[in-house]
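See below for the structure under consideration.
Numbers for residues simply follow the sequence, beginning at 1.
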Amino acid sequence: MAWSFHFVPLLLLLLLLSSTSAVATSGHSTGNATASLRPGREPLKHRRRVRALLGRLNKPPLKTIKSPDGDLIDCVPSHLQPAFDHPMLKGQKPLDPPERPKNYNSTIAGAAVVQAWHATGEACPEGTVALRRTTEKDLLRASSLRRYGRKPPRRTTRRDSTSSGHEHAVGYVNSEKYYGARASVNVWSPRIDDPSEFSLSQIWVISGSFGHDLNTIEAGWQVSPELYGDSNARFFTYWTTDAYQETGCYNHNCRGFVQTTNKIAVGAAITPQSVYNGRQFDINLMIWKDPKHGHWWLELGPGVVVGYWPSGLFTHLAHHARMVQFGGEVVNTRPPGSHTATQMGSGHFPGEGFDRAAYFRNLQVVDWDNSIIRASGLKLLADHPGCYDIQGGSNGRWGTYFYYGGPGRNVKCP
């Protein structure tokens with residue numbers, strides 16, 4: 001498929017779609033919907049559906065760790081995790097990680113990633129994976145039980161930011177075949193203006209067209225009160241093979257992503273976070289395709305391989321990616337009738353620079369030879385620069401980098 005600069009808007013138009021977040025399409029939570037049900041069997045039926053879904057998402061743990069932030073982290077035998085309910089994976093066991101790509105340099109990675117549950121001093125036993133438990137409250141906040149943990153389906157053929165409510169400030173490359181991506185990003189806790197909105201920073205690995213066959217793999221940090229019930233920055237993953245219609249989900253909310261570590265819980269809060277005019281804390285993310293078996297692997301921080309997306313989940317990404325994208329995204333529901341005040345990144349514009357603005361540094365891609373190389377030819381794009389902007393550069397220490405983000409509603413973004 002030929003990709004060109006003229007196709008770029010469709011990317012972020014994808015990204016419109018690509019919100020990595022379950023945004024309420026009706027503006028009402030399941031709790032409100034439940035309250036409006038007619039008396040009689042419907043509330044009972046709803047409760048049964050909630051219990052059934054909890055049974056599918058939560059597997060019997062060998063041990064449970066209560067995090068200081070209220071999360072429950074279940075230590076589940078690795079072969080019992082939700083991914084292995086998938087027909088393609090039944091009877092299999094998690095794979096051992098492949099070798100990292102050539103030219104892998106551990107010195108550019110950020111600090112070791114700490115999650116809130118690590119403060120207990122407890123750890124999951126060997127042979128298990130650390131899974132954040134889904135609770136009844138999580139399900140009752142969702143706009144739809146059927147689509148819990150997934151993005152809303154596309155309801156329009158328009159692909160512009162105005163129609164979708166998703167806004168981005170991103171850097172991207174789309175001139176080659178790509179087999180992975182890597183970058184460091186600092187972690188913040190941006191303010192969310194409305195519970196149905198979110199703010200995230202992530203890597204997208206993309207292939208297919210921006211129609212019904214779009215394939216994406218996504219990972220990064222996210223603040224989503226609707227999905228998690230708080231304003232903590234959380235490590236997350238996402239995938240889809242049909243432009244967010246029916247396939248894919250966040251984290252372990254459907255069958256697909258196979259976790260292999262007991263040290264990191266996907267969906268759990270990251271700590272510490274960056275401080276304005278103070279200490280900056282960033283995490284290193286790497287996604288790469290195993291040349292031998294074709295699975296897409298995910299690494300977080302220096303050396304922690306989190307797990308993989310099996311190649312068989314995908315159509316276009318079963319072969320390679322045609323685009324890699326780095327940056328921020330928010331959902332703008334315009335709750336008061338004007339632009340949302342939900343922040344992207346630190347909530348400050350990129351011109352404020354280090355210690356104040358959010359950044360991505362050491363942007364790299366994996367090429368056809370399984371080598372990590374600098375992301376050359378990076379293009380920068382902000383949907384609405386008066387709301388959220390992006391500025392890039394390059395130097396010997398940070399390689400290719402950019403600052404991005406903003407406050408949302410302000411005098412330049414009414």
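- Residues Phe281 and Ile270 are in side-chain contact: their nearest non-hydrogen atoms beyond the backbone lie under 4.5 Å apart.
- In this structure, CG in Asn284 is found 4.0 Å from OG in Ser184, a value given to the nearest 0.5 Å.
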Decide yes or no on side chain to side chain contact (heavy atoms under 4.5 Å, CB included) for His166 and Val330, but give the supporting numbers first. CA-CA 6 Å; His166 293 252; Val330 301; over 6 Å; no
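- Side chain of Asn410 to backbone of Gly408: a donor-acceptor contact under 3.5 angstrom is found.
- Annotation: the span from His348 atom NE2 to Asp389 atom CG amounts to 15.0 Å, rounded to 0.5 Å.
- Annotation: side chain of Asn277 is in contact with side chain of Arg356 (closest heavy-atom distance under 4.5 Å).
- When the shell of 6.0 Å around CG of Asn395 is examined, it contains more than 12 heavy atoms from other residues, nucleotides or ligands.
- Put simply, the side chain of Asn332 gets close to the backbone of Thr340: a donor and an acceptor are under 3.5 Å apart.
- Residues Tyr238 and Gln202 bring no donor and acceptor atom of their side chains to less than 3.5 Å of each other.
- Residues Leu53 and Leu139 meet the side-chain proximity criterion, which asks for heavy atoms closer than 4.5 Å.
- The existence of a salt bridge linking Asp71 and Arg234 is confirmed by a sub-4.0 Å separation between a basic side-chain nitrogen and an acidic carboxylate oxygen.
- Classification of Lys59 and Asp85 as a salt-bridged pair holds, one side-chain N sitting under 4.0 Å from a carboxylate O.
- The minimum heavy-atom distance between Gly208 and Leu214, with the atom names listed, is O-CD1, 4.3 Å.
- For the atom pair OG of Ser207 and NE2 of His320, the computed distance is 5.5 Å after rounding to the nearest 0.5 Å.
- Within the 4.5 Å cutoff, the side chain of Ser199 has heavy atoms near those of the Ile192 side chain.
- To the nearest 0.5 Å, the span separating CG on Leu200 from NE2 on His168 amounts to 7.5 Å.
- There is a side-chain donor-acceptor pair under 3.5 Å between Glu218 and Thr216.
- The backbone N or O of Thr237 lies less than 3.5 Å from a partner atom in the side chain of Asn251, making a donor-acceptor pair.
- For the pair Gln92 (side chain) and Met88 (backbone), a donor-acceptor distance under 3.5 Å is present.
- A salt bridge links Arg132 with Asp138: the distance from a Lys NZ or Arg NE/NH1/NH2 to an Asp or Glu carboxylate oxygen falls below 4.0 Å.
- Note that CD of Gln115 and CD1 of Ile73 are 7.0 Å apart. Values are rounded to the nearest 0.5 Å.
- Looking at heavy atoms from C-beta onward, Tyr172 lies out of side-chain contact with Phe326 at the 4.5 angstrom threshold.
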Kindly indicate, with the supporting measurements, whether the criterion ring-ring contact (aromatic ring centres under 6.0 Å, His included) is fulfilled by Trp221 and Phe235. CA-CA 4 Å; Trp221 62 261; Phe235 171 57; over 10 Å; no
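- When all heavy atoms of Val76 and Pro60 are compared, the pair lying nearest together is CG1-O, 4.2 Å.
- A donor-acceptor pair under 3.5 Å links the side-chain atoms of Asn58 to the main chain of Thr134, judged by distance alone.
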Run the numbers on Phe360 and Tyr404 for ring-ring contact (aromatic ring centres under 6.0 Å, His included), then give the verdict. CA-CA 8 Å; Phe360 274 75; Tyr404 69 102; 5.5 Å; yes
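- No side-chain heavy atom of Lys289 sits less than 4.5 Å from a side-chain heavy atom of His295.
- With respect to Lys102 and Asp369, a salt bridge is recorded, a charged nitrogen being found less than 4.0 Å from a carboxylate O.
- One N or O on the side chain of Asn215 and one on the backbone of His316 form a donor-acceptor pair closer than 3.5 Å.
- Counting heavy atoms from C-beta on, the side chains of Ile373 and Gln364 never come closer than 4.5 Å.
- Here the side chain of Glu197 pairs a donor or acceptor atom with the backbone of Thr333 at under 3.5 angstrom.
- Between His339 and His384, the ring-plane angle classifies as perpendicular under the 30° and 60° cut-offs.
- Residues Asp355 and Tyr276 are not in side-chain contact: their nearest non-hydrogen atoms beyond the backbone lie 4.5 Å or more apart.
- Nearest heavy-atom pair across Pro82 and Arg255 is O-CG, 3.3 Å.
- In terms of heavy-atom proximity, Tyr104 sits nearest to Gly303 at OH-N, 4.0 Å.
- The main-chain N or O of Trp188 is never found under 3.5 Å from a side-chain atom of Ser274 such that the two would form a donor-acceptor pair.
- Note on ring orientation: taking the six-membered ring where Trp is involved, the planes of Trp398 and Phe354 are perpendicular (angle over 60°, cut-offs 30° and 60°).
- Checking side-chain atoms of Asn262 against main-chain N and O of Cys124 turns up a donor-acceptor pair under 3.5 Å.
- Here the side chain of Ser189 pairs no donor or acceptor atom with the backbone of Gln273 at under 3.5 angstrom.
- Phe236 CZ to Cys249 SG: the interatomic distance, rounded to the nearest 0.5 Å, is 12.0 Å.
- Considering Val113, Val114, Asp69 as possible partners of Thr271, the one that fulfils the side-chain contact (heavy atoms from CB on, under 4.5 Å) test is Val114.
- Lys63 has a carboxylate O that lies under 4.0 Å from a charged side-chain N of Glu122, or vice versa, which qualifies the two as a salt bridge.
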